[in-house]
Amino acid sequence: MLTVMVAAGSLILVASDAAPDRIPSFVTWSAENIAAASSGDAFRGSLLAKRCDHCHGAEGFSPVASTPNLAGMNMLSIWKQLEDFRSHKRRSRPMEPIAESLTPRDVADVVSYYAELPVFPDPQDNRVFPGMQPEAGRAAVAARLVTFGDGERGIPPCQSCHGPVAYRVGVPSLMAQNGDYVLNQLEMFASRSRFNDINLPMRTIAALLSEDERRALAEYYGAGLGLQPAGSSGSK
Amino acid sequence: MNWRKVRIFVFTLLALCLIPATRYYQIDEPLLKLLRGSNHIDPLSLHLSGEFVENNLGTEQDADGSVTVRMIAQQYLFVPHCILVPAGVPVHLKITSADAVHSLTLNGTNYAVKTLPGTVSLAELQFPRTGDYKTVCREFCGAGHYAMRSEFKVVPRDQFPALRAGERGACVLQ
């Protein structure tokens with residue numbers, strides 16, 4: 001149980017005496033887990049993923065902006081989210097029962113299938129990605145955060161973990177993600193209603209960002225501007 | 001006896017001894033601990049059990065009036081991001097890394113604590129003056145290294161809240 005009190009001009013987080021260890025996720029990035037998550041059969045995964053098509057799109061691009069795109073996503077990140085849904089460490093009414101119904105092999109296969117889907121545009125598809133281009137000023141705010149972060153406030157650049165410059169193990173790629181989904185997740189991390197980030201990186205960063213910055217970042221990624229490293233082309 | 005060979009051998013030996021003799025202070029303490037096998041901690045499962053679980057991070061009040069601060073360094077954040085400590089009391093810092101080698105350096109002080117995955121680095125700090133001490137990572141740790149900063153907020157002793165057993169203090173994120 002958490003209570004909050006005010007002292008010394010600062011809020012103090014107080015855990016009760018009997019609080020058990022708060023565990024954000026049961027996933028660890030051990031060699032066995034990484035091998036298990038990376039050893040799926042993409043063809044079998046493509047058959048299993050038929051039931052995911054309705055929400056996540058036949059080509060891994062969702063027709064609804066608040067639902068995540070899965071095409072081209074790194075295997076380990078989808079694997080971790082499915083494991084967290086299964087252990088109820090990440091809450092989602094539709095996804096928890098679906099994840100529970102999958103065997104470990106199913107998870108590895110589905111993950112392997114989505115990781116192989118391409119992210120190039122397809123006019124036949126009813127995807128919402130990429131969305132509207134953001135207004136130039138807001139895009140500049142987001143581009144600065146994506147490229148440089150904000151050293152003064154201790155906010156690291158998004159692209160140093162979420163690509164395309166670098167990835168941390170198990171961190172999702174945001175290059176082809178829907179804006180509304182990104183915004184929802186940032187808001188949930190900031191309010192701590194999503195809490196499955198190991199060692200609190202996203203809960204900390206989302207809370208450091210202002211509401212406008214969170215919105216600007218969501219628009220930036222939702223418009224497909226994250227497909228290239230920010231600042232890589234001279235015209236930006 | 002070939003004195004020339006003996007001289008070369010002795011001088012080579014002396015030269016080799018000079019390297020550790022003059023550079024001993026650069027040998028990392030956490031590295032020595034890792035080699036000795038003591039103080040070992042699994043960096044991949046910090047969040048599952050042990051003293052670095054989420055709700056044990058931050059400032060803990062000890063019975064003798066001193067405080068213990070537990071932190072995790074990871075690419076590219078120190079967690080908790082802002083640490084609240086009282087001025088003028090001993091601060092026992094325990095920090096470990098979840099991924100790479102980091103170095104917690106407190107601006108305006110001489111304190112610099114190097115941490116690497118697999119060991120817990122211990123440091124004894126004390127802040128005579130109140131104020132905000134910015135911290136930076138001074139060991140290159142990857143693409144976002146330069147933005148890896150956090151803060152120690154030092155408040156007067158009487159303004160530091162009395163924490164009960166099991167309670168951990170941390171300042172609110174601004």
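Every chain is numbered from 1, with letters handed out A, B, ... down the list of sequences.
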Closest non-hydrogen atom pair, [X] against [Y]:
{"X": "B/His47", "Y": "A/Val27", "value": "NE2-O, 2.8 Å"}
{"X": "B/Ala143", "Y": "A/Ala166", "value": "CB-CB, 4.4 Å"}
{"X": "B/Gln75", "Y": "A/Cys161", "value": "O-SG, 4.5 Å"}
{"X": "A/Asn199", "Y": "B/Ala98", "value": "ND2-CB, 3.5 Å"}
{"X": "A/Thr204", "Y": "B/His81", "value": "CG2-CB, 3.6 Å"}

Within 6.0 Å of [atom1] in [X], more than 12 heavy atoms from elsewhere:
{"X": "B/Arg138", "atom1": "CZ", "result": "no"}
{"X": "A/Phe148", "atom1": "CZ", "result": "no"}
{"X": "B/Glu124", "atom1": "CD", "result": "yes"}

Portion of [X] that has a non-hydrogen atom of chain A nearer than 4.5 angstrom:
{"X": "B/Leu77", "result": "side chain"}
{"X": "B/Ile72", "result": "side chain"}
{"X": "B/Asp158", "result": "neither"}
{"X": "B/Ser45", "result": "both"}

Discussion item. Nearest 0.5 Å, please: how far is CG in B/Leu44 from CD1 in A/Ile34?
Written reply: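 Answer for the CD1-CG pair, A/Ile34 versus B/Leu44, is 8.0 Å.
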Fill in: Nearest-0.5 Å distance that lies between atom CZ in B/Phe52 and atom CG in A/Asp21
13.0 Å
Discussion item. If we define contacts as heavy-atom pairs under 4.5 Å, which of A/Ser30, A/Gly149, A/Pro201 has the most with chain B?
Written reply: A/Pro201
Worksheet item: Is the shortest heavy-atom distance from the side chain of B/Tyr146 to the side chain of A/Pro157 under 4.5 Å?
Response: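 In short, these two side chains touch, coming nearer than 4.5 Å.
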Worksheet entry | Side chains of B/Glu54 and A/Pro24 in contact at under 4.5 Å (non-hydrogen atoms) | yes
Worksheet entry | Candidate pair A/Arg22 and B/Val53, rule side-chain contact (heavy atoms from CB on, under 4.5 Å), full reasoning | CA-CA 7 Å; A/Arg22 209 164 54 226; B/Val53 290; over 6 Å; no
Discussion item. Taking B/Glu151 first and then A/Arg153, would you say they form a salt bridge - that is, a charged N and a carboxylate O separated by under 4.0 Å?
Written reply: no
Practice prompt. Tell me, for A/Ile198 versus chain B, whether the close heavy atoms (under 4.5 Å) come from the side chain, the backbone, both or neither.
Written response: both
